[in-house]
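Below is one structure; the comments refer to it alone.
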Amino acid sequence: MGATLKYTVMRLGIFVLCLVVVSALGAKGWLALLIAAVVSVLLSVVLLRRQREEMAARLQQHVDGRVRGAQPGAAPTAAPRAKSRFARGVDDDNAAEDTGR
């Protein structure tokens, strides 16, 4: 299963579970949907960090491949080009997290 599909299915599962719990507690209609959406977003941020990072890495690989002019999954060219601005931002963010800033 692809990283994006896996993350999406897990995210929808959390939403449905939240909706069932909120409905069981007595909320109905739009209120139940709103509460379930907010709670599921908060839970997803905490519980699905690894899957979200995996999905972002796969998407970054795809973008880098397009920037290089290669097809996704193709072997990298002999002379790698500079990273995209997004890739540099991700690297900077990861370095900041590693140093504990």
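Remember, predicted model here, so these are calculated numbers, not experimental data.
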Exercise. Hydrophobic cluster mates of Leu25, side-chain heavy atoms under 4.5 angstrom, ILVMFWY only, any path?
Worked result: Val21
For this session: Is it possible for you to say whether Leu47 and Met55 belong to one hydrophobic cluster, with membership spreading through side-chain heavy-atom contacts below 4.5 Å?
Result: yes
For this session: Using the test side-chain hydrogen bond (donor to acceptor under 3.5 Å, both in side chains), find all partners of Asn94 that sit at least two apart in sequence or belong to another chain.
Result: none
Problem set entry | With sequence neighbours excluded, residues passing side-chain hydrogen bond (donor to acceptor under 3.5 Å, both in side chains) with Ser44 | Arg11
For this session: Give a yes or no on whether Leu31 and Val39 share a hydrophobic cluster (residues Ile, Leu, Val, Met, Phe, Trp, Tyr; joining criterion: side-chain heavy atoms under 4.5 Å apart).
Result: yes
Exercise. Do the side chain of Arg58 and the main chain of Thr4 share a donor and acceptor less than 3.5 angstrom apart?
Worked result: no
For this session: Taking the side chain as every heavy atom from C-beta outward, state whether Tyr7 and Leu48 have any pair of such atoms under 4.5 Å apart.
Result: yes
Seminar exercise, completed: For Leu17, the other hydrophobic cluster members (4.5 Å side-chain criterion, sorted by chain and number) are none
For this session: For Ala36, enumerate each residue passing the side-chain contact (heavy atoms from CB on, under 4.5 Å) test, keeping only those at least two apart in sequence or located in another chain.
Result: Phe15, Cys18, Leu19
Exercise. With Asp64, which of His62, Gln60, Arg66, Arg68 fulfils side chain to side chain donor-acceptor pair (under 3.5 Å)?
Worked result: Gln60
Problem set entry | side-chain hydrogen bond (donor to acceptor under 3.5 Å, both in side chains) against Arg49, all qualifying residues, sequence neighbours excluded | Glu53, Glu97
Exercise. Honestly curious: do Leu33 and Ile14 fall in one hydrophobic cluster under the side-chain, below-4.5 Å linking rule?
Worked result: no
Exercise. Within a strict 4.5 Å, meaning less than it, do heavy atoms of the Arg88 and Asp91 side chains meet?
Worked result: no
Exercise. Please, which pairs that meet side-chain hydrogen bond (donor to acceptor under 3.5 Å, both in side chains) have at least one residue in residues 16-27, sequence neighbours excluded?
Worked result: none
For this session: Using the rule that two of Ile, Leu, Val, Met, Phe, Trp, Tyr join whenever any of their side-chain heavy atoms come within less than 4.5 Å, decide whether Leu59 and Met10 are in one cluster.
Result: yes
